[in-house]
Number of protein chains: 2
Amino acid sequence: MRTPRMAAGPADRELLQQDAGSGAPYRLLVAGLECFADRGFHATTTRDIATRAEMSPAAMYVHYPSKGELLYRLSRLGHADALRATLEEAADDEDDARPRLWRLVRGFAEWHARHHLLARVAQYELNSVPRDRLPEILDLRHAVARTLEAEAERGVRDGEFEIAELHESVRAILSLGIDIARWYRTSGRRTPEELATIYADLVLRMVLPRDPVAATAHS
Amino acid sequence: MRTPRMAAGPADRELLQQDAGSGAPYRLLVAGLECFADRGFHATTTRDIATRAEMSPAAMYVHYPSKGELLYRLSRLGHADALRATLEEAADDEDDARPRLWRLVRGFAEWHARHHLLARVAQYELNSVPRDRLPEILDLRHAVARTLEAEAERGVRDGEFEIAELHESVRAILSLGIDIARWYRTSGRRTPEELATIYADLVLRMVLPRDPVAATAHS
């Protein structure tokens, strides 16, 4: 067995522990997360995960009937927590669309930096989630996108935002958050909160109304 | 052997053919691209690739000594062509930083949509490129980032752009392009050029100077 280069960070461990306690199911979630992040779902065997968790494959089956089921649990935890973190930031009773969108974006981006290992598995192994489990995961994803889209639409309606291509702009906002999981390292120059704040500022610039002359200067 | 769900598109095929001709080396590049995109580098065996190319593993070794070497070839082709496409767009003798940055972003984003399969392998399998081949790939990546950063810096110096966090803003611009490879489908609602044009517009909004009152309305 190869030693995974990826190690679950404290934020991911805490989240998995909240879901699975501190016994074997938790150790298997951590082991699965590290193996999937390191070599991908398809290259990971049930034995790899069990060995990493210092258990036998048979003991793993008691808790998770397949590696696909384990991936589904990780993906659901990740997507549900990303949604929670995004909505939580915007839960304040703000009347103005600007601080609301700003907080949503900051929450989403910060989650992807803080949970970059879990985010990577949740985002990049989506195609490997068992087919019968996929609708639940897609619902969670759509909830994030719908929230951002509704907020952007509301801002346009109220005259606070100016968004020529709503669908693609929401895609772009999601991309900024999701791609953090690909490159973020804990040893980097920015904390998750610092990075997310910068990104939320950038997104607000994308949607705030502009001087029409300046906005068309590139054509 | 499983049939890959991913099939190389015409743009990728043309690029690989330019590099490798139309014989066995080309067929192996296509097979490697499809296998890596479908199941990841670690889950792909030399036999998978050879079988997909309707060859024996021994015949593959004549052309590529390892699957790592084949990944390096794909990654180099992808990164080199992304750099070419990015620079090509901005090759015009433009004096103004705005159209120059706009074209760079459009070229980079469009490449990632048009070559989304090759882009996915080049971007997401970077950790699997053989260690001795990695510096060459990283040089190509840095060239793209440096070009964007130099253009952004020049715009700030000339008073055309207003960028609070240069490093993170360039990161964000790169993310918008790279993440296209994760979600783009040929069957989607936008052509590569349409999508890239929308993204270039969004990026320009991020960097153009703003009314200071509007820009701080969220804090």
Side-chain angles (χ1 to χ4, degrees), chain A residues 2 5-6 38-44 96 98-103 106 120 123-128 160 162-165 167-169 171-180 182-183 189-190 194-195 197-211 214-219, chain B residues 2 5-6 38-44 96 98-103 106 120 123-128 160 162-165 167-169 171-180 182-183 189-190 194-195 197-211 214-219:
Chain A
R2 296 154 205 250
R5 289 165 303 189
M6 309 291 180
D38 191 35
R39 301 184 27 97
F41 176 80
H42 290 297
T44 299
D96 194 7
R98 295 174 193 201
R100 288 181 59 95
L101 183 66
W102 189 85
R103 283 175 208 277
R106 192 179 63 172
R120 209 176 301 162
Q123 297 289 359
Y124 298 132
E125 296 289 2
L126 195 62
N127 283 338
S128 302
E160 294 196 67
E162 176 191 272
I163 304 177
E165 301 283 354
H167 183 83
E168 282 73 16
S169 299
R171 267 277 192 212
I173 294 171
L174 290 169
S175 277
L176 286 179
I178 290 169
D179 197 59
I180 290 171
R182 180 183 57 81
W183 62 263
R189 45 188 272 165
R190 294 291 188 186
E194 285 168 358
L195 179 70
T197 300
I198 295 169
Y199 273 31
D201 285 348
L202 288 174
V203 165
L204 218 60
R205 295 177 72 107
M206 277 172 23
V207 300
L208 289 177
R210 293 204 61 79
D211 169 6
T216 55
H218 61 272
S219 56
Chain B
R2 296 155 205 248
R5 290 164 302 187
M6 310 290 181
D38 191 35
R39 303 186 21 97
F41 176 80
H42 290 297
T44 299
D96 194 5
R98 295 174 194 200
R100 288 180 58 95
L101 183 66
W102 188 86
R103 283 176 207 277
R106 192 179 62 171
R120 209 175 302 161
Q123 296 291 356
Y124 297 133
E125 296 290 2
L126 195 64
N127 284 337
S128 301
E160 294 196 67
E162 175 191 273
I163 304 176
E165 300 283 354
H167 183 84
E168 282 73 16
S169 298
R171 268 276 193 210
I173 295 170
L174 291 169
S175 277
L176 286 180
I178 291 170
D179 197 59
I180 290 172
R182 179 182 58 81
W183 62 263
R189 47 188 271 164
R190 295 292 188 185
E194 286 168 357
L195 179 70
T197 300
I198 295 170
Y199 274 30
D201 285 347
L202 287 175
V203 165
L204 219 59
R205 295 178 72 106
M206 276 170 26
V207 300
L208 288 177
R210 293 205 61 79
D211 169 6
T216 55
H218 60 273
S219 56

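Protein chains get the first letters and strands the later ones, always in sequence-line order, with residue 1 at the start of each.
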Original post:
Under a 4.5 Å heavy-atom cut-off, does chain B meet the side chain of Leu126(A), its backbone, both or neither?
Top reply: neither

Original post:
Hey, is the main chain of Gly40(A) close enough, under 3.5 Å, to the side chain of Arg39(B) for a donor-acceptor pair?
Top reply: no

Original post:
With only heavy atoms counted, which part of Glu165(A) is less than 4.5 Å from chain B, the side chain, the backbone, both or neither?
Top reply: side chain

**OP:** Would you indicate whether the side-chain heavy atoms of Arg205(B) and Arg205(A) approach each other to under 4.5 Å?
**Re:** no

**OP:** Kindly compute the distance separating CG (Leu174(B)) from CG (Leu176(A)), expressed to the nearest 0.5 Å.
**Re:** 11.0 Å

Subject >> Residue Tyr124(A) versus chain B: region with a heavy atom under 4.5 Å >> reply: side chain

Subject >> Nearest heavy atoms of Ser175(B) and Tyr199(A), plus distance in Å >> reply: OG-OH, 4.4 Å

**OP:** Could you tell me whether the side chain of Arg190(B) reaches within less than 4.5 Å of the side chain of Arg171(A), counting heavy atoms only?
**Re:** no

Original post:
For the atom pair CD (Glu168(A)) and CD (Glu194(B)), what is the distance rounded to the nearest 0.5 Å?
Top reply: 8.5 Å

Subject >> Point-to-point distance, once rounded to the nearest 0.5 Å, from CZ of Arg182(A) to CG of Asp179(B) >> reply: 8.5 Å

Subject >> Backbone N/O of Pro209(A) and side chain of Arg210(B): donor-acceptor pair under 3.5 Å >> reply: yes

**OP:** Let me know if Val203(A) has heavy atoms under 4.5 Å from chain B in its side chain, its backbone, both or neither.
**Re:** neither

**OP:** Please look at Arg120(A) and chain B and tell me whether the side chain, the backbone, both or neither of the residue comes under 4.5 angstrom of a heavy atom of that chain.
**Re:** neither

Original post:
Given that the side chain runs from C-beta out, which part of Leu202(B) has a heavy atom under 4.5 Å from chain A: side chain, backbone, both or neither?
Top reply: both

